[in-house]
Amino acid sequence: MDSSNGERPPQGEDAPAAAAGSIGGYESLHRLLQSNLSPELFKEASRLLLGLNCGRALEAISLPEATSALAKAHNFDVQAFRFDADKEYLRQPRVIRVGLIQNSIAIPTTSHFADQKKAIMEKVKPMIDAAGDAGVNILCLQEAWTMPFAFCTREKRWCEFAEPVDGESTQFLQQLAKKYNMVIVSPILERDVNHGEIVWNTAVVIGNHGNIIGIHRKNHIPRVGDFNESTYYMEGNTGHPVFETAYGKIGVNICYGRHHPLNWLAFGLNGAEIVFNPSATVGELSEPMWPIEARNAAIANSYFVGSINRVGTEVFPNPFTSGDGKPQHADFGHFYGSSHFSAPDASCTPSLSRYRDGLMISDMDLNLCRQIKDKWGFRMTARYDTYASLLSEYLKPDFKPQVIVDPLINKSA
């Protein structure tokens, strides 16, 4: 099911102004192509862009009317697709339904912090209800979903949004997890009350009974212009945990960690079947990377990946600079949404809207993970012993790269 009918927006003088963050008036590249190519060409373009799942184009699935009604009433994009696996003789299919939510903030950043947090929760709840009505088993929200992504400002006052693992947002989601029998991954700004109230960027994994299964803290902290997040928190101390839930084994690779291949690898080595990448990233910085990195990780590690990015432009009260010589600014770009799923067989869904809130749903047969491992043999052919030896040497102060120099490199012709 897709909330967009794929029709071309009105053209010419009568055309409405394109929404901020759109691609020429379209919500995504996929919809732009769908509206401007013939069905035959669009099918071929989709094959090249999205891949094939078990040799077939990814199929859209129908969702309950209650989900569609909530999407229409609250103006959020909803799309749903199915990843199949080949039939096996000794195992039954392991089909689960997984959801991703992307959203913009609800009220201006100048509002009282308590009001901002409450407004975001009120905005996200109908989207969680829509996922629950659709029978989603595992749902993941975006990075620091309870607040604006204020880490670009480097103002310490935004730390007030930090809360304990069992704080207000967790309690809010625990009720919904229990109501819908749904596992919910909740990325928050955590205040560690047992260790001097230090702050972490943390994902809380809430079980389908409303229990807290565990947490994971962001492994890699960016220091890239406005993304100098070490002002607020440092690298996490939880390793690469994989959480065995009622529906499957999941990991959480928070935001910047997607740029580190070994980070993806570690979740795979620990047995993940799905790895979520809750993020906050803007078009000027990373958009060309966005459809590539998660998909590559799904292929290389034989698991599913759910990529979530917030949407909208967040304007802050006080201008700030990035240390790059450019003028000060009050926002740091457009969060381009485009949340999607990638599968281990190199297929992926289209992306959600580039500027609207959205709910992406996917049915996935987790049997595909082992089938692809058997097909490609990446685990058997990886030579981890060789990599371990190199990394061990690299960590030594006297490490010398293995470079073989041509003895005639300086000889004149």
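Each residue takes its place number in the sequence, starting with 1. Side-chain atoms are counted along with the backbone in the values below, which use heavy atoms only and exclude waters and symmetry mates.
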Passing candidate, ring pair (Phe, Tyr, Trp, His ring centres under 6.0 Å) with Trp158, options Phe113, Tyr232, Phe151: Phe113
Tell me whether the count of non-hydrogen atoms from other residues, nucleotides or ligands lying under 6.0 Å of [atom1] in [X] goes above 12.
| X | atom1 | answer |
| --- | --- | --- |
| Tyr384 | OH | yes |
| Arg383 | CZ | no |
| Lys118 | NZ | no |
| Lys326 | NZ | no |

Rounded to the nearest 0.5 Å, what separation is found between the [atom1] atom of [X] and the [atom2] atom of [Y]?
| X | Y | atom1 | atom2 | value |
| --- | --- | --- | --- | --- |
| Cys140 | Ile308 | SG | CD1 | 3.5 Å |
| Thr67 | Leu359 | OG1 | CG | 7.5 Å |
| Asn296 | Ser342 | CG | OG | 10.0 Å |
| Gln371 | Leu368 | CD | CG | 5.5 Å |
| Leu100 | Met127 | CG | CE | 10.5 Å |
| Leu63 | Ile361 | CG | CD1 | 4.5 Å |

I'd like to check [X] versus [Y] (side-chain heavy atoms, cut-off strictly below 4.5 Å). Are they in contact?
| X | Y | value |
| --- | --- | --- |
| Val282 | Phe149 | no |
| Ser322 | Phe332 | no |
| Ser169 | Trp145 | yes |
| Leu366 | Ile96 | yes |
| Phe276 | Val185 | yes |
| His216 | Asn219 | yes |
| Gln116 | Thr109 | yes |
| Ile23 | Arg354 | yes |

Indicate the ring-plane relationship of Phe320 and Phe316, choosing parallel, tilted or perpendicular according to the 30° and 60° boundaries. perpendicular
Side-chain donor/acceptor of [X] to backbone N/O of [Y], under 3.5 Å:
| X | Y | answer |
| --- | --- | --- |
| Asn53 | Asp84 | yes |
| Asn301 | Ala297 | yes |
| Asn270 | Val242 | no |
| Glu273 | Tyr303 | no |
| Ser46 | Lys43 | no |
| Thr381 | Gly377 | yes |
| Ser389 | Thr386 | no |
| Asn36 | Leu32 | yes |
| Arg31 | Ser28 | no |

Determine whether Asn277 and Asn253 satisfy the following criterion, side chain to side chain donor-acceptor pair (under 3.5 Å), listing intermediate values before the conclusion. CA-CA 5 Å; Asn277 178 226; Asn253 183 0; 4.7 Å; no
Exercise: do [X] and [Y] side chains pair donor with acceptor under 3.5 Å:
| X | Y | result |
| --- | --- | --- |
| His195 | Asp192 | yes |
| Lys123 | Ser104 | yes |
| Asn201 | Glu143 | yes |
| Arg258 | Ser279 | yes |
| Ser307 | Asn309 | no |
| Ser286 | Tyr336 | yes |

Do you know which of Ile215, Ile188, Leu189, Asn237 makes side chain to side chain contact (heavy atoms under 4.5 Å, CB included) with Trp200?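 Among the candidates, only Asn237 passes.
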Residue of the set Asn208, Ile138, Val204, Leu173 for which side chain to side chain contact (heavy atoms under 4.5 Å, CB included) holds with Ile184: Leu173
Measure across [X] and [Y] and return the closest heavy-atom pair with its distance rounded to 0.1 Å.
| X | Y | result |
| --- | --- | --- |
| Arg310 | Ala280 | NE-CB, 4.0 Å |
| Ile372 | Ser302 | CG2-OG, 4.0 Å |
| Phe76 | Ala130 | CZ-CB, 3.8 Å |
| Phe378 | Ala300 | CD1-O, 3.7 Å |

Using a strict cut-off of less than 4.0 Å between a Lys/Arg side-chain nitrogen and an Asp/Glu carboxylate oxygen, indicate whether [X] and [Y] qualify as a salt bridge.
| X | Y | answer |
| --- | --- | --- |
| Lys117 | Glu163 | yes |
| Asp365 | Arg82 | no |
| Glu235 | Arg223 | yes |
| Asp345 | Lys375 | no |
| Arg191 | Glu160 | no |

Mind checking whether Tyr256 and His260 have ring centres under 6.0 Å apart?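 For Tyr256 and His260, the ring centres are under 6.0 Å apart.
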Strictly under 6.0 Å, is that where the ring centroids of Phe304 and Phe341 end up?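 Aromatic pair excluded; centres sit 6.0 Å or further apart.
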Tell me, with the steps shown, if Ile212 and Val205 meet side chain to side chain contact (heavy atoms under 4.5 Å, CB included). CA-CA 6 Å; Ile212 298 174; Val205 180; over 6 Å; no
Dump the intermediate steps for side chain to side chain donor-acceptor pair (under 3.5 Å) on Gln328 and Thr321, then the final yes or no. CA-CA 5 Å; Gln328 63 179 2; Thr321 60; over 6 Å; no
Could you walk me through whether His340 and Thr349 pass the side chain to side chain donor-acceptor pair (under 3.5 Å) test, one step at a time? CA-CA 6 Å; His340 63 282; Thr349 68; 5.9 Å; no
Can you list the steps and then say if Asn75 with Arg356 is a side chain to side chain donor-acceptor pair (under 3.5 Å)? CA-CA 8 Å; Asn75 188 31; Arg356 273 201 302 154; 2.9 Å; yes
Let me know which of Ser338, Ser22, Ser353 forms a side-chain hydrogen bond (donor to acceptor under 3.5 Å, both in side chains) with Glu27.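 Considering Ser338, Ser22, Ser353, a side-chain hydrogen bond (donor to acceptor under 3.5 Å, both in side chains) with Glu27 is found only for Ser353.
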Using salt bridge (Lys or Arg N to Asp or Glu O under 4.0 Å) as the criterion, list what pairs up with Arg91, not counting sequence neighbours. Glu88
